[in-house]
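Worksheet for the structure shown next.
No experiment lies behind these values; they were computed from the predicted model shown.
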Amino acid sequence: MFHSGFRYSWVARLTFLALPLLLLVFSASVLAQHVKAELVSDHRVISAGGAFRIALRLSIESGWHTYWKNPGDTGLPTTIKWRLPANITMAGATQWPAPQAHFYGPYLNYGYEGEVLLITEFVAAENIAPTPLIFEARADWLMCRDICIPDGADVALMIDVGEASIEDDYWKAVIEKGQNDIPRPLVGWMASARGVGDTIELSLTPEEESGDPGALYFFSEDERVIEPSFAQTLRRDGDTLVLTLPVSHQIKDGLTQLSGVLRAQHPWSPDRTTSATINAPVIGMVTAGIVPTFTASPAVEIPGMTRGATVAKENESDRHFSLWLAMLFAFVGGMILNLMPCVFPVISIKVLGLVRHHDSRATMRREAYAFASGVIITFLFLALVLLALRSAGTHLGWGFQLQSPPVVIGLTVLFCMMALNLSGVFEFGQIVPSSLAGWTSKNRLLDAFSSGILAVVVASPCTAPFMGAAIGYALTQNVLTVIVIFTFLGLGIALPFVLLAIFPSWQHRLPKPGVWMERLRQFLAFPLYATVAWLTWVLGAQTDEDAVLRMLLALIALALALWAWHSFRMAVKRKILWILLFVLSLLSSAWLIMPILTYQYENTVTVSKTTRQDSDVWRVYDATEISRLNAEGKTVFVDFTAAWCVTCQFNKKMVLDTEKVQKAFVDHDIILMRADWTRRDPEISDALDALGRNGVPVYVFFQQGKKPILLPELLQSSTVIAALKLLS
């Protein structure tokens, strides 16, 4: 593939760099907020006693949606908390446009796409002073596509106070248009509601001759009153239209008033609108309806919607967007992996090699591409192995190899040897045949390719932010998609080293070779020692404390064996003593490790469920218990985690188990569960599959009759608290 006569053209360089660079350009739009918020007013200047309108304007990215005040089967409504200047009062509640219907599998949600204005009217006091006023508000919303993300923004607007009001022509026109989308009370029809067991009959009688509105659908203003996913049936009784509404199974304390928005297929006469508000007293007895099973898409027809075309278009858009987003997340996750304590020393040693050797630009480029090839090919090999195991019926996700104690033991030994090598205890060239060592030193491309393989092997215990969503998406797609996404993951790891090789002028910013290189080499051993300690802890979580002690003693014996071998190579006399010490130490290390391998193989390589509970606060994951708690009206937060997941442990210590977040959980009466995936557990694997994830960490809220709400992989306290506010 590589040879000395090969000359890399500028086209070849740009081709290699094109994908990641184009991806970074694309990320400017993808990583931007999917919903942008601002306050706009129909007045630039207000006067004493004057009325004016301010709208929260949400600009929603194509394919995403937010929710109405009743979100339907799933979701959370947008909330606005105003901080008003003195002498300003609200003239009424926030006005909501008529909602749109969004089908998500078996669920029917009510919300908005594109742009939405939530309009509020205000009045200035008669004694208000002529000075600029700052209107502030906190807006929180849940934005959903194939995933749901809670978000929010602090928004503000300055309006002057003068002797005379001055309108803002542009925003007045925008707000007037938004005002036209707000349903008004139904004109020309008389509405009445009657409870008939687990249904409500909404009767509409024309007060004068009127046209046929066609199909009707009622959006209940209040949650847990009408079941969104059940069909609403329409019949005629003379001139009267009777719309039968299915009562929610969650209704409490009967129902005395029916309020909401009624959407018609054709305009109502005489105002020519298709949406109107209904507010009618309910007579008769109302009882709770049946619980939805959510086993199929709801048989619901919404006036004004072409169901099949809408869903098909949305799914097609989701597919293209999700692929781009997964590629971006894979690439960014791969770059972050370079900073992990597992990978950083390996990459650093390769960079130091560039500084030390002073090779020609052509040689450095060839080594860089060989290194990148080793990274990408190894990632693809792991991906295809994972796909093959999953297709054979084994419930596995990313990090599956770390659910096997023999693999953890092997990685622990490897990291220990690498750390000892960097510390100067021995040289790798001393423990391999001299002919092989000399051959690899002369074949630099093979050495670089092997370093790429090693980088992926040592990266396997680490999970970087963004990786989980990308890999979870990839493993639900076809093989070609898997190859593309894992290729971008490999590009992310390889890119820093490749860039330094392609653009050697950047190396001039590094210090010149000297004693510092040996000091840095020794320092880089300590992140590897830390990784050894962590992997030993992971092994203990999979087995028992006895295994931890055996592993630590085995590593000490291994270090003694390597030191003895180094001394044997350097000694002039008494070589037999050093070789005996080497053999005894090596045998002792193997003797200590073997019982761990036997124990794990016999007891936990097959399916095993973790029954340990972390504390009185966190319960052990139980899907049946979640269903029971949800049925009681309780919200459950589940932390899908594993001892071998670095990001999981960081989020646990820095966010989830902090006093601030724990207090927020208590204040909102949230039940906490922890799903420990350190060892293989098919129940947890199935739950991750259902959430569209194939690795940890995953953080999710479960509520009765609502779609699970997923939080980002890299948590912040503010993110969790914002989600809790949306749930309340």
Is [Y] close to [X] at the side-chain level, that is, under 4.5 Å between some pair of heavy atoms?
| X | Y | result |
| --- | --- | --- |
| L495 | L499 | yes |
| R674 | R619 | no |
| Q716 | M654 | no |
| D639 | W618 | yes |
| F449 | S373 | yes |
| K652 | T641 | no |
| V638 | Y621 | yes |
| I593 | V413 | yes |

How long is the gap from [atom1] on [X] to [atom2] on [Y], to the nearest 0.5 Å?
| X | Y | atom1 | atom2 | result |
| --- | --- | --- | --- | --- |
| I377 | T487 | CD1 | OG1 | 10.0 Å |
| F640 | L710 | CZ | CG | 9.0 Å |
| F371 | I453 | CZ | CD1 | 11.0 Å |
| I576 | L581 | CD1 | CG | 11.5 Å |
| L491 | M327 | CG | CE | 9.5 Å |
| L420 | L562 | CG | CG | 6.0 Å |

Expected output: side-chain [X] to main-chain [Y] donor-acceptor under 3.5 Å:
| X | Y | result |
| --- | --- | --- |
| S567 | W563 | yes |
| E683 | A623 | yes |
| S589 | S585 | no |

Which atom of [X] lies closest to which atom of [Y], heavy atoms considered:
| X | Y | value |
| --- | --- | --- |
| V498 | A372 | CG2-CB, 4.0 Å |
| V700 | P708 | CG2-CB, 3.5 Å |
| E367 | A448 | O-CB, 3.4 Å |
| L715 | L711 | CD2-CB, 4.0 Å |
| A330 | I485 | CB-O, 3.5 Å |

Criterion side-chain contact (heavy atoms from CB on, under 4.5 Å) on I579 and W565, from CA distance to verdict: CA-CA 7 Å; I579 197 67; W565 183 260; 3.3 Å; yes
Steps toward side-chain contact (heavy atoms from CB on, under 4.5 Å) verdict (V583, L580): CA-CA 5 Å; V583 172; L580 284 174; 5.7 Å; no
side-chain contact (heavy atoms from CB on, under 4.5 Å) assessment of F379 paired with I493: CA-CA 11 Å; F379 263 122; I493 290 185; 3.4 Å; yes
From L549, T412, I409, residue fulfilling side-chain contact (heavy atoms from CB on, under 4.5 Å) relative to T536: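 Passing option: T412.
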Test side chain to side chain donor-acceptor pair (under 3.5 Å) applied to Q662 - qualifying residues, sequence neighbours left out: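 Q662: no side chain to side chain donor-acceptor pair (under 3.5 Å) contacts found.
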Aromatic ring proximity, centroids under 6.0 angstrom, Y529 and F415: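 So the answer is no for these two rings.
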side-chain contact (heavy atoms from CB on, under 4.5 Å) between I376 and F486, intermediate numbers included: CA-CA 7 Å; I376 293 171; F486 275 81; over 6 Å; no
Ring pair (Phe, Tyr, Trp, His ring centres under 6.0 Å) partners of F665, counting only residues at least two apart: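 Ring pair (Phe, Tyr, Trp, His ring centres under 6.0 Å) check on F665 returns F637.
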Under 3.5 Å side-chain donor-acceptor pair for Y699 and N651: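 Note: Y699 and N651 side chains meet the donor-acceptor criterion.
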